[in-house]
Amino acid sequence: MASPISTITPESERAEIAGWVHEVRDLGGLTFCLIRDRTGIVQVTVNRKKAPAPVLEALSRLSRESVVRIGGTVKAIAKAPGGREIVPERFEILSPAESPLPLDVVEKVPAELDTRLDSRFLDLRRPRVAAVFLIRSAVMAAVWEFLAARGFVNITTPKLVAAATEGGTDLFPVAYFEKEAFLNQSPQLYKQIMMAAGFERVFEIGPIFRAEEHNTTKHLNEATSIDVEVSFADDREVMDLLEDLILFVYERVAATCRDPLSWLELQLEVPKKPFPRLAYRDAIGIAARRTGEPLKFGDDFGAVAEKALGEEMGVHYFIVDWPTAIKPYYAMPREDDPELCRAFDLMHPRMELASGSQRIHQHDLLVHQIRSKGLSADSFEFYLRPFRYGMPPHAGWGLGADRLVMTMLDLANIREAVIFPRDRHRLVP
RNA sequence: GCCCAGGUAGUGUAGCGGCCUAUCAUGUCGGCCUGUCACGCCGACGACUCGGAUUCGAAUUCCGACCUGGGCGCCA
């Protein structure tokens with residue numbers, strides 16, 4: 001069995017390692033090979049006069065990024081990286097790499113994102129790139145741990161659905177035997193149905209699909225959503241939950257991802273609680289003042305307004321008290337002012353991260369809201385039925401996992417936060 | 001979908017009517033080299049996205065297609 005490279009120290013006597021050929025420096029009588037595995041890099045030093053013939057033979061056939069297995073003695077050498085090097089007795093090429101490489105793994109020459117995504121498997125061999133996904137994994141684990149500790153039940157809901165249930169966004173049609181189906185844009189309706197099932201606290205982390213032809217650094221056609229729904233909770237309570245979750249995730253990443261963060265040369269700053277709660281009406285005012293645009297009540301925030309707001313706030317913040325007219329039909333209108341609803345968006349200074357609301361749990365009011373949005377209640381029957389048999393009051397939100405990682409790590413493009421992103425033009429790999 | 005910018009060796013770039021038999025770096029191959037750590041030095045290899053047009057002459061200008069980046073729009 002090969003040992004992880006990071007476990008080899010100057011005190012080690014022998015080592016057997018397996019990994020990729022990171023770099024080869026041939027000085028003539030001496031050749032230095034840097035071998036990389038997921039834990040680190042070690043130098044393997046071959047002396048032309050002293051090395052066994054099979055080692056020299058393997059060395060002569062060696063290409064960068066080939067997979068090798070090497071066994072030998074470990075020497076403590078101050079001049080070597082990490083203060084140690086391996087003098088090989090066995091040098092086996094397990095899997096040769098062709099050349100030229102489609103991408104420079106050593107990063108002497110930069111590559112464009114498009115080139116990197118075409119050869120993502122090679123791109124991911126770069127620690128700086130791998131770091132993003134090690135951290136993303138830690139984020140997901142932290143989310144799961146946080147919610148599980150609070151009694152949330154993890155659910156999995158269909159991604160193949162019968163109808164464009166929410167309206168608004170365009171859906172991808174798929175052939176479903178003799179029927180037409182769609183890829184789901186959100187687990188919204190299903191997680192609400194689970195409230196009627198009496199589960200009280202559910203979450204789902206899964207893909208959502210949007211067939212929008214957007215072409216930006218913060219939109220994808222396939223994204224990962226962290227969705228939560230809580231019975232007997234109102235909008236304020238699930239906002240607190242969301243705020244605590246964000247803090248917990250940041251703290252966990254800061255504490256457990258030191259190496260990946262250092263590869264990214266990132267000082268992670270944990271946001272402070274509480275996040276400011278900004279009323280929609282005030283947000284419109286600020287955006288109008290800062291941009292000079294004639295924004296008025298009922299408008300949505302465009303990219304320029306969103307950026308101006310972020311600059312003004314400078315930290316994570318909530319926009320609350322949205323107009324009922326521009327939020328989905330399931331958002332609960334306020335009793336004292338039905339023009340406003342109990343919906344909120346969680347914003348990072350760069351972009352929206354999450355949106356949620358207290359939901360309407362009264363059947364007739366829900367039907368009314370669906371109709372007032374110009375939608376047909378008939379196609380929502382599977383969703384509406386549970387509201388007639390004891391639906392508790394509930395609230396919830398959906399948080400964009402890709403955007404969470406992107407903003408946390410200050411990535412320029414959301415595609416960098418997704419291993420195999422799906423956008424308007426990219427379907428492969 | 002609209003607007004802007006762009007497409008040159010495997011990768012990243014320079015060149016923007018004749019000086020291009022196309023620059024530089026990295027890479028690959030060959031040679032020299034026993035302590036490199038972006039090893040160094042010498043030599044070689046390797047590219048103008050495609051199709052039309054203008055011109056004596058096009059990588060360079062124009063038109064179209066395809067592709068890419070960015071901004072905007074759209075976006076439960």
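Below, chains carry the letters A, B, ... as their sequence lines are ordered, and counting in each starts from 1.
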What heavy-atom pair brings A:Val55 and A:Glu89 nearest, and what distance separates the two atoms?
CG2-O, 3.5 Å

So if I take every side-chain heavy atom of A:Glu212 and compare against B:rU11, B:rU36, B:rC74, which nucleotide ends up nearest?
B:rC74

Nearest heavy atom decides the nucleotide; on that basis, is A:Gln43 or A:Leu103 closer to the 5' end of RNA chain B?
A:Leu103

Expressed in angstrom and rounded to an integer, what is the separation of A:Arg128 atom CZ from B:rA38 atom P?
14 Å

Just checking A:Gly398: base, sugar-phosphate only, or nothing, at a heavy-atom cut-off of under 4.0 Å?
nothing

Are any of A:Thr115's side-chain N or O atoms less than 4.0 Å away from OP1 or OP2 of B:rG12?
yes

Counting heavy atoms from C-beta on, name the nucleotide in B:rC74, B:rG70, B:rG35 closest to the side chain of A:Lys79.
B:rG35

Side chain to side chain contact (heavy atoms under 4.5 Å, CB included) partner of A:Ile319, the single match among A:Arg281, A:Glu306, A:Arg277, A:Met347:
A:Met347

Quick one: do the A:Asp235 and A:Ser357 side chains pair a donor with an acceptor below 3.5 Å?
no

Round to the nearest Å and state the distance from A:Glu213 atom CD to B:rC3 atom P.
15 Å

Whole-Å gap separating C1' (B:rC75) and CZ (A:Phe209):
16 Å

Which part of the nucleic acid, if any, lies within reach of A:Leu113 when heavy atoms closer than 4.0 Å are counted: base, sugar-phosphate only, or nothing?
nothing

For B:rU68, does OP1 or OP2 lie under 4.0 Å from any side-chain N or O of A:Arg424?
no

Can you check the A:Ile414 CD1 to B:rG70 C1' distance for me, whole Å?
16 Å

Could you give the CD-to-P distance, from A:Glu65 to B:rG10, as a whole number of Å?
19 Å

In the structure I gave you, are the side-chain heavy atoms of A:Leu62 and A:Cys33 within less than 4.5 Å of one another anywhere?
yes

What interatomic distance, in whole Å, is found between P of B:rC63 and the corresponding atom of B:rG6?
13 Å

With the side chain defined as heavy atoms from C-beta on, A:Leu30 is closest, among B:rU13, B:rA25, B:rU34, to B:rU34

Please state the P separation for the pair B:rU21 and B:rC16 - nearest whole angstrom.
15 Å

Of all the nucleotides listed (B:rG35, B:rU28, B:rU68), which has the minimum atom distance to the side chain of A:His425?
B:rU68

Name the nucleic acid region contacted by A:Leu34, choosing base, sugar-phosphate or nothing; use a 4.0 angstrom heavy-atom cut-off, strictly under.
nothing

Euclidean distance, atom CG of residue A:Asp423 to atom C1' of B:rC74 [Å, nearest integer]:
16 Å

Contact class for A:Asp26 (heavy atom, under 4.0 Å): base, sugar-phosphate, or nothing?
base

When we call it a touch if two heavy atoms are under 4.0 Å apart, what does A:Thr31 touch: a base, just sugar-phosphate, or nothing?
nothing

Hey, does A:Pro110 reach any base, or is it just sugar-phosphate, or nothing, if we go heavy atoms under 4.0 Å?
sugar-phosphate

Would you say a side-chain N or O of A:Lys108 is under 4.0 Å from OP1 or OP2 of B:rG27?
yes

Using whole Å, what does the distance between atom P of nucleotide B:rA9 and atom CD of A:Glu112 come to?
11 Å

With a non-hydrogen cut-off below 4.0 angstrom, is A:Glu85 in contact with a base, only sugar-phosphate, or nothing?
base

Base, sugar-phosphate, or nothing for A:Arg64, non-hydrogen atoms under 4.0 angstrom?
sugar-phosphate

Does the base of B:rC75 carry an N or O that pairs as donor and acceptor with the side chain of A:His214 under 3.5 Å?
no

Between P of B:rC75 and CG of A:Leu353, the distance in whole Å
19 Å

Using a 4.0 Å heavy-atom cut-off, does A:Lys49 contact any base of the nucleic acid, only the sugar-phosphate backbone, or nothing at all?
base

Side chain of A:Asn47, heavy atoms from C-beta onward: which of B:rU34, B:rC75, B:rU36 has the nearest atom to it?
B:rU34

A:Asp114 side chain, from C-beta outward: closest of B:rG35, B:rU68, B:rA38:
B:rU68

Would you mind telling me which residue lines up with the more 5' stretch of RNA chain B, A:Lys327 or A:Thr217, judged by nearest nucleotide?
A:Thr217

From B:rU28, B:rU26, B:rC72, nucleotide with atom closest to A:Ser99 side chain:
B:rU28

Do A:Glu204 and A:Thr157 come within less than 4.5 Å of each other through their side chains, counting heavy atoms only?
yes

dist A:Thr216:OG1 -> A:Arg424:CZ (nearest 0.5 Å) comes out at 13.5 Å

If you only use heavy atoms from C-beta on, which nucleotide in B:rG70, B:rC72, B:rC74 is closest to the side chain of A:Asn413?
B:rG70

Do the side chains of A:His348 and A:Pro271 get nearer than 4.5 Å, heavy atoms only?
no

